[in-house]
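These notes concern the structure reproduced below.
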Amino acid sequence: MTTVTEKEMQIYSGVGTLFITSVLVALVIKGPDLSLFGSGKKFRGGSNVDDMEVIDAALAELPKKKEQQPQKQFRAPEPKQPTVAPTRDDQAKPMDKPEDKPDVKPTDPVDPLAQFRRDSNDDEPVGKPTEQPVGAFDGSEFGFGDVTKGDRYLGQLKADLLRAWNYPEILSDVGTPIGCIHMEPDGKIETWELREKSGNFELDDSVERALKKLQEVRNAEPIPVPPHLIPTTRKWICYRMKVKE
Amino acid sequence: MLPNEGKGIVGLLAVLVAFAMSATAVSAQEGVIIDVTGAKRSKYPIAIPMAVGSDAAVAREMQEIQTFDLNVSGYFKVLDPAGFLADLEGEKLGIEPQKWKDVGAYGVIKYRVVTSGANLELTANLYEVSKGTAPVLTKTYKGTKADLRNITHAWCNDVVFYYTKEQGFFGSKIAFVAKKKGASTVMAVDFDGANPYAVSRNTSTNMLPAWSPSGGQIAYTSYMRNNPDLYIAPAGGGRPKRLSSHRGMNTGASFSPDGSKLAVTLSKDGNPEIYVISASDGKILTRITNNKAIDTGPAWSPDGSQIAFVSDREGGPQIFVVSASGGDARRVSFNGSYNTTPTWSPAKGESVIAYTTRDGGRYDIVTLDLKTKKMTRITQGEGSNEEPSFSPNGRAIAFASTRSSGSGVYIANADGTGTATRIYSGAVTGVDWGPAPKM
């Protein structure tokens, strides 16, 4: 085996680098169309498509002048109305009580913030008003984390169970009952059971109610089990129920 | 052939393989086990059947009071007696647990009230159906017929204390201003709407009542001497003492938790500023704000360390919080362009304020947790709702409303759930919930 000395290695690598660099420089200077390997076609006009190098489309044309974006009209805020401060004059009359307004809003006669009270919102509406009815947020909505994490079908099932599970706030959260369901391939829950009691009657009872509710909900509108989960439905699906973290 | 050690190893491997196979065979039968965390915290279902062996009219009134109190506490759902299955005559003051489990009750109250002359005696038992036939709480109360409501409230406070170890607020009162016939009168009423009475006894304009922490006094601003001066009256009404009468406003008082001081708005220096004054002689102790903006509506925090107030120093009115000894104020409300009337929740360990917010031309109540920044809407889409005040345990909020079902003082759960209950009808303002009654 021949060995190469370190000095020789340095020379070879230097030469190699020089060669590659000069090739690259030549390519850049002479233009991307130039074929170093002899097709002989010129750059101007009539170039062979196959010999062209693929470049970023953005370089193909000179950039146009940028269009001016429509500028937002900036209005200075309206000058603030001077507030009527109480006078220091002993002889001054006391502040007048306002008349009772026909629409009875609970306003104090001496409310210094009355100047800010308005019948309509300050902001001018922008854009088209929404046509979608906006649902009331009542705290029962769930995010999608559970649904998209892991298996989607099982995630939805878990979300439905959580939605069905209520437990009184004033009771102890100690205990982890285990409840199980047995599903059919068509998505119906054939049976459920409390597999393991926690010893806390109300907690166990709340899990039983939750499983029963889950069965009612799923059986009313069954969602068929996806093929990859069919083997799972031949077994029990069990839930370890913890009230909170 | 394998050496002896080899046989041993093969044997061990065979055992391990067999074990593994059997394990999967067992789990194949068992199936999957999934962790589920996070029950929805709900109300405790409790049954309050009508008493037997009792004065019927008194028993009915007591059933109504207990039902109202436990529902309004926010902790309980009182079940409809129409569905009860138990033999009440047979059970008397006891229970047959299964009959109550069958209707979904976790708790049952059995009571008996006996009257003799002007007196009455209430015996009451609380049961947890899971714990069998022995009551978990049993009490007796004696008094006159006039004490009927207070005795029932006392029992309900004992029930709430059993479960939550929290002082109940039944028997507390709410102060407010009723506007009638051109005058504004400071009134006080039981938290459930019973026994309203006038605190201010003049025909002038009176406003912004504030209970002292002991419940013995109510401070309010009155024009009775032609300037908005601050007065303190006994809580039962009667001759008020004038405490602060600087030129201009002396309004929006809020007591310190130890009752020795009041935070007030004074405009004597030209524009409304917040001061702390002595509750005994009205002397100015500390100036809290000092800027050209309007600073008003002070509310003292339950631990005494901070004062919330309203200021328009950054444009429209917003809520700010400052140390009770003065200093730099920090803004805490950032929703919308109009937020006023801050008030603190007395719930232990919490840092929650409620305030009035303007939204789309109407006024609504929101709460804001200063630690988590979580905002909860208490009212929505029902008229204008203003000037919130928390119950002594922070679980309920009273406020003034002009909703279509009728203007008045309403109380609602502080967590935004459920519907609000009206406890006083009429055009009202300046709502302030008094302290828990001393038992």
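None of these values were measured; they are calculated from a predicted model. First the proteins, then the strands, lettered A, B, ... as listed; each starts at 1.
Shown here for A:P168 and B:Y106, the closest heavy-atom pair between the two residues is CG-CE1, 3.7 Å. For the residue pair A:L171 and B:R41, the shortest heavy atom distance occurs at O-NH2, 3.2 Å.
Here B:T37 contributes atom OG1 and A:K158 contributes atom NZ; the two are 6.5 Å apart, rounded to the nearest 0.5 Å. Rounding to the nearest 0.5 Å gives a distance of 10.5 Å between NZ of B:K77 and CG of A:N166. For the atom pair OH (B:Y44) and OH (A:Y167), the distance works out to 9.5 Å, reported to the nearest 0.5 Å. To the nearest 0.5 Å, atom CD of residue B:E128 and atom CD of residue A:E202 are 5.5 Å apart. The CD1 atom of A:I170 lies 10.0 Å from the CD atom of B:E166; values are rounded to the nearest 0.5 Å.
Considering only heavy-atom pairs separated by less than 4.5 Å from chain A, the leading option among B:T296, B:I33, B:T376 is B:I33. Across B:Y338, B:Y75, B:Y163, the residue that shares the most heavy-atom pairs under 4.5 angstrom with chain A is B:Y338. Options A:K244, A:E245, A:E169, A:M241 differ in how many heavy-atom pairs under 4.5 Å they form with chain B, and the most are formed by A:E169.
In this structure, A:R240 contributes its side chain and B:I34 its backbone to no donor-acceptor pair below 3.5 Å.
Contacts between B:V310 and chain A at a heavy-atom distance below 4.5 Å involve the side chain alone, from C-beta outward. Both the backbone and the side chain of A:D205 come within contact range of chain B, with heavy atoms under 4.5 Å apart.
Below 4.5 Å, heavy atoms of chain B meet heavy atoms from A:D173, A:I178, all part of residues 172-183 of chain A.
Taking the centre and axis of the six-membered ring of A:F201, the NZ or CZ atom of B:K131 falls outside the cone set by 45° and 6.0 Å.
Atom NZ of B:K101 has more than 12 heavy atoms from other residues, nucleotides or ligands within 6.0 Å. Counting non-hydrogen atoms of neighbouring residues, nucleotides and ligands closer than 6.0 angstrom, the CD atom of B:Q98 exceeds 12 such neighbours. The number of heavy-atom neighbours closer than 6.0 Å to NZ of B:K165, taken from other residues, nucleotides and ligands shown, is above 12.
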